[in-house]
Amino acid sequence: MITTCEPVRSAVRHFLDLDHLETGVLRRILNTGHAYRRRESVMGNPLPLVGRVLALVFEKPSTRTRVSFEVGMRQLGGDVVVLTHNDTQLGRGESIADTARVLSRYVDAVMLRTNTSGNLNEMARHASVPIINGLTQDSHPCQVMADVLTFEQHRGSLAGRVVAWCGDGNNVAVSWIQAAPHFGFRLRLACPESLMPEERSVTWARTKGADITLTTDPREAVWNADCVVTDTWTSMGLEEKSRPELLRSYQVNAALMALARPEALFMHCLPAHRNQEVTDEILDGPHSVVWDEAENRLHVQKGILMWCLT
Ligand code: CP
Ligand code: NVA
């Protein structure tokens, strides 16, 4: 079981980053997610969150995260309030700390999609209700929890399996790195030298026993892999730093996928830029589980909400 010192010390159940959560908590969330995926009710109560309200705060666009949290909360009997940056006083400069204090008086939990982990931690530090990380440019833990659930749905445990990441060492890649010691898979990341994931997470995961390989060669990463993962070459808010010319040889196409195991899965958090980071042939082909992955956002969000709120 992994424990780390929480940067945000609190008795409240925040879901911030996978390196700050215990393995047992992640397992419990996934088990709940699997139960919802199988349409089972949890704790014998089909509407456990009646009377509870979740605020969804978006400083960046979203389709999957917004709809899965909104539908998930309603399916559990609760309600949601959706706030976009420019509709709130955050957009006019009200501080995150004051916003956290105020929202805590109205709602039972807040999901925040914001630019930096600094903003997210600031919200958690000043909120008296659970804060859920709905993506920052530094990580995307809800996504990777859905990805782990998707692998387990199709192939069983990730322990000992090889996951290959190809492309930008971005927020989703960092959450995969942080997931590695919890679930015991080997992670090989192929990224251009200048787009390698931040070192801190790699060091943390390795000190927790994770087997992580960093390479600039996508073929080395994908060789015999059980799961091949990629993401957009240009993350939201980082358009100026985008380097598509460096990433062309990291495209997941039939030639690259042929190096993985014949039964390997292909995953992408979506939205995909078809025929850029992944070809249509792969995205729509037999290895791809991207639609299940999108559906599993819903089941995992319900697992996260149940852990935060019950
Ligand atoms: N994968 C994901 O988080 O998608 P959205 O940006 O649509 O929420
Ligand atoms: N890396 C992408 C993920 C989108 C869900 C981004 O941050 O834009």
Side-chain angles (χ1 to χ4, degrees), residues 15-18 33 54-73 80 82-85 110-120 132-151 165-179 189-192 195-198 201 227-244 246-247 250-252 265-274 276-278 283 288-305:
F15 187 86
L16 300 178
D17 267 311
L18 300 182
L54 170 71
L56 298 166
V57 182
F58 288 100
E59 296 189 303
K60 298 176 179 208
S62 169
T63 299
R64 280 145 287 266
T65 305
R66 175 176 172 165
V67 177
S68 56
F69 268 114
E70 205 168 331
V71 171
M73 192 65 186
V80 294
V82 182
L83 301 165
T84 56
H85 188 71
V110 178
M111 187 239 68
L112 176 63
R113 171 168 284 196
T114 183
N115 289 314
T116 65
S117 50
N119 289 350
L120 182 80
I132 299 169
N133 179 356
L135 177 148
T136 71
Q137 61 198 33
D138 306 305
S139 63
H140 197 3
C142 295
Q143 177 66 53
V144 171
M145 288 293 280
D147 298 353
V148 172
L149 189 94
T150 306
F151 190 92
W165 174 274
C166 290
D168 185 9
N170 65 13
N171 46 4
V172 181
V174 165
S175 288
W176 269 104
I177 291 166
Q178 294 178 349
L189 298 114
C191 315
L195 298 175
M196 284 289 171
E198 51 108 5
S201 290
C227 183
V228 177
V229 193
T230 191
D231 186 16
T232 178
W233 291 344
T234 308
S235 283
M236 291 179 280
L238 296 173
E239 289 75 10
E240 303 224 319
K241 293 191 185 153
S242 167
R243 302 300 301 277
L246 293 181
L247 286 158
Y250 294 80
Q251 181 189 68
V252 181
L265 300 179
F266 170 76
M267 292 196 200
H268 189 310
C269 65
L270 305 176
H273 300 77
R274 285 174 172 268
Q276 203 176 65
E277 71 270 9
V278 57
L283 196 66
S288 176
V289 287
V290 298
W291 315 120
D292 289 338
E293 198 183 346
E295 176 186 324
N296 286 333
R297 295 295 307 277
L298 170 65
H299 307 310
V300 155
Q301 316 301 33
K302 288 162 80 173
I304 294 168
L305 290 167

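Numbering of residues begins at 1 and proceeds along the displayed sequence. Please read these numbers as outputs of a predicted model, since none were measured by experiment. Start at 1 and go down the list; that is how both ligands and their atoms are numbered.
Counting heavy atoms from C-beta on, the side chains of D147 and F151 never come closer than 4.5 Å. When side chains are defined from C-beta on, W165 counts as touching D231, because their heavy atoms get closer than 4.5 Å. Residues L56 and M73 have side chains not in contact (no heavy-atom distance under 4.5 Å, counting atoms from C-beta outward).
Scanning all protein heavy atoms for the shortest distance to atom 3 (C) of ligand 2 gives D231 OD2, 3.6 Å. What sits closest to atom 7 (O) of ligand 2 on the protein, heavy atoms only, is N171 ND2, 2.8 Å. In terms of protein heavy atoms, atom 6 (O) of ligand 1 is closest to R113 NH1, 2.9 Å.
When atom types are taken as modelled, the side chain of N171 and the backbone of H140 share no donor-acceptor pair closer than 3.5 angstrom. Judged by distance alone, the side chain of Q251 and the main-chain N or O of Q276 form a donor-acceptor pair under 3.5 Å. Of the possible polar contacts, none joining the E239 side chain to the T234 backbone as a donor-acceptor pair under 3.5 Å is found.
At a heavy-atom distance under 4.0 Å, only side-chain atoms of T232, from C-beta outward, approach ligand 2. Using a 4.0 Å cut-off between heavy atoms, K60 makes no contact with ligand 1 at all.
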(Q) Please evaluate residues M111 and R66 with respect to the criterion side chain to side chain contact (heavy atoms under 4.5 Å, CB included), reporting the C-alpha separation (whole Å), side-chain torsions for both, the decisive distance (0.1 Å), and the verdict. (A) CA-CA 9 Å; M111 187 239 68; R66 175 176 172 165; over 6 Å; no

Q: Let me see the working for S235 and D168 under side-chain hydrogen bond (donor to acceptor under 3.5 Å, both in side chains), right down to the final yes or no.
A: CA-CA 9 Å; S235 283; D168 185 9; 4.5 Å; no

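Those atoms of ligand 1 with a heavy atom of R297 less than 4.0 angstrom away are 1 (N), 2 (C), 3 (O). Against a heavy-atom cut-off of under 4.0 Å, T63 is close to the following atoms of ligand 1: 5 (P), 7 (O), 8 (O). Atom numbering of ligand 1 starts at 1 in the shown order; those under 4.0 Å from a heavy atom of C269 are 1 (N). Those atoms of ligand 1 that come under 4.0 Å of a heavy atom in H140, given as number and element, are 2 (C), 3 (O). Ligand-side atoms of ligand 1 in range of L270: 1 (N), 2 (C), 4 (O), range being under 4.0 angstrom from any heavy atom. Distances below 4.0 Å separate heavy atoms of R64 from the following atoms of ligand 1: 1 (N), 2 (C), 4 (O), 5 (P), 7 (O), 8 (O).
Closest heavy-atom approach to atom 8 (O) of ligand 2 among the candidates H268, M236, Q137: M236.
The shortest heavy-atom distance from L270 to ligand 2 is under 4.0 Å.
When only interatomic distances are considered, the shortest N/O to N/O separation between H140 and ligand 2 does not fall below 3.5 Å.
Of the options I132, N119, L135, a side chain to side chain contact (heavy atoms under 4.5 Å, CB included) to R113 is made by L135 and by none of the others.
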